[in-house]
Participant: 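Mind looking over this structure? Questions follow.
Chain letters run A, B, ... following the sequence lines, proteins first, then strands; residues in each count from 1. Since the model is a prediction, treat every value here as computed from it, not as a measurement.
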Amino acid sequence: AQSVTQPDIHITVSEGASLELRCNYSYGATPYLFWYVQSPGQGLQLLLKYFSGDTLVQGIKGFEAEFKRSQSSFNLRKPSVHWSDAAEYFCAVGAYNTDKLIFGTGTRLQVFP
Amino acid sequence: DARVTQTPRHKVTEMGQEVTMRCQPILGHNTVFWYRQTMMQGLELLAYFRNRAPLDDSGMPKDRFSAEMPDATLATLKIQPSEPRDSAVYFCASGQKREAYNEQFFGPGTRLTVL
């Protein structure tokens, strides 16, 4: 069965520090992978997606993620975090010719000045 | 800037009352999803439509929930009668199926509180 695991429920970083949010998936076929961000009181906004090709994908707001098939991972990174990045981050997996996305439970990011 | 819109943004009601939530998908999108988000369960898919036809509503409690798309610009989610356990944020998302994937764009949500 498909599943997505975000091992970290809550992460705290200082502004300007680097960030890595972990995402592991379980899926039999080649996955389509997504990262969404949810600011308080808002809907989910797509940060980036991976379908095929270059395993390092660039997204909005300075985020990037790397697909590692051998580790079944799709970790999200940012070299220098801004206070406005404080939000909840969701990893999601889909598949070829399917409509549904399976979402992880989310990681809440807190940024200290 | 095309966006998914949802109304109302907040709704407080009493147990037993009917609740209707509305969603306007992005113009041209042919797929609409309804999700529910709670602290305990996270993000759950309730139902989704393509070209206004329901494709999957297996995540939705059938006895009290119903979802429809009266036209291509409006999707509704109705709860009758509502119960306190229905308190949650309900999100609508839309997408335009292209090639082999279906990217989803989320609305701002309706925060429902049932007393």
Participant: Please round to the nearest 0.5 Å and tell me the distance separating atom CG of L101(A) and atom CD of E103(B).
Facilitator: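 Output value for this atom pair is 9.5 Å.
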Participant: If hydrophobic clusters are built by linking Ile, Leu, Val, Met, Phe, Trp and Tyr wherever their side-chain heavy atoms come under 4.5 Å apart, do F106(B) and Y90(B) end up in the same one?
Facilitator: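 No, F106(B) does not connect to Y90(B) through the hydrophobic network.
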Participant: Starting at CD of E88(A), measure out to CG of L43(B) and round the result to the nearest 0.5 Å.
Facilitator: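 Between atom CD of E88(A) and atom CG of L43(B) there are 10.0 Å.
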Participant: Could you state whether I60(A) and F74(A) fall into the same hydrophobic cluster, counting links through intermediate Ile, Leu, Val, Met, Phe, Trp or Tyr residues with side-chain heavy atoms under 4.5 angstrom apart?
Facilitator: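 I60(A) clusters together with F74(A).
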Participant: At their closest point, which heavy atom of Q104(B) faces which heavy atom of Y36(A), and how far apart are they?
Facilitator: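 In this case the closest contact between Q104(B) and Y36(A) is O-OH, 2.9 Å.
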Participant: Could you pull out the closest heavy-atom pair between S58(B) and K100(A), with the gap in Å?
Facilitator: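 Smallest interatomic distance, heavy atoms only, reads OG-NZ, 4.3 Å.
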Participant: Spell out, yes or no, whether V37(A) and V93(A) are grouped together once hydrophobic residues are joined by side-chain heavy atoms under 4.5 Å, including indirect joins.
Facilitator: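 Per the 4.5 Å side-chain linkage, V37(A) and V93(A) are co-clustered.
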Participant: I'd like to know whether CZ of R9(B) has more than 12 heavy-atom contacts from other residues, nucleotides or ligands below 6.0 angstrom.
Facilitator: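 More than 12 within 6.0 Å, yes.
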Participant: Where do D99(A) and Y48(B) come nearest, in terms of heavy atoms and distance?
Facilitator: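 The answer is OD2-OH, 2.9 Å.
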Participant: What is the distance from atom CG of L44(A) to atom OH of Y35(B), rounded to the nearest 0.5 Å?
Facilitator: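 L44(A) atom CG to Y35(B) atom OH measures 9.0 Å (nearest 0.5 Å).
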Participant: In Å, rounded to the nearest 0.5 Å, how long is the span from CZ of F91(B) to CD of Q38(A)?
Facilitator: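 The CD atom of Q38(A) is 4.5 Å from CZ of F91(B), to the nearest 0.5 Å.
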Participant: Does the side chain of F103(A) come within less than 4.5 Å of Q37(B)'s, by heavy atoms?
Facilitator: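 Side-chain contact under 4.5 Å: no.
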Participant: Let me check something: do L19(A) and W35(A) share a hydrophobic cluster, defined by ILVMFWY side-chain heavy atoms less than 4.5 Å apart, either directly or through other members?
Facilitator: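 Yes; tracing contacts between hydrophobic side chains, which count when under 4.5 Å, links both residues.
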Participant: Is there a chain of hydrophobic side chains (I, L, V, M, F, W, Y, each step under 4.5 Å between heavy atoms) that links F49(B) to I26(B)?
Facilitator: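 No.
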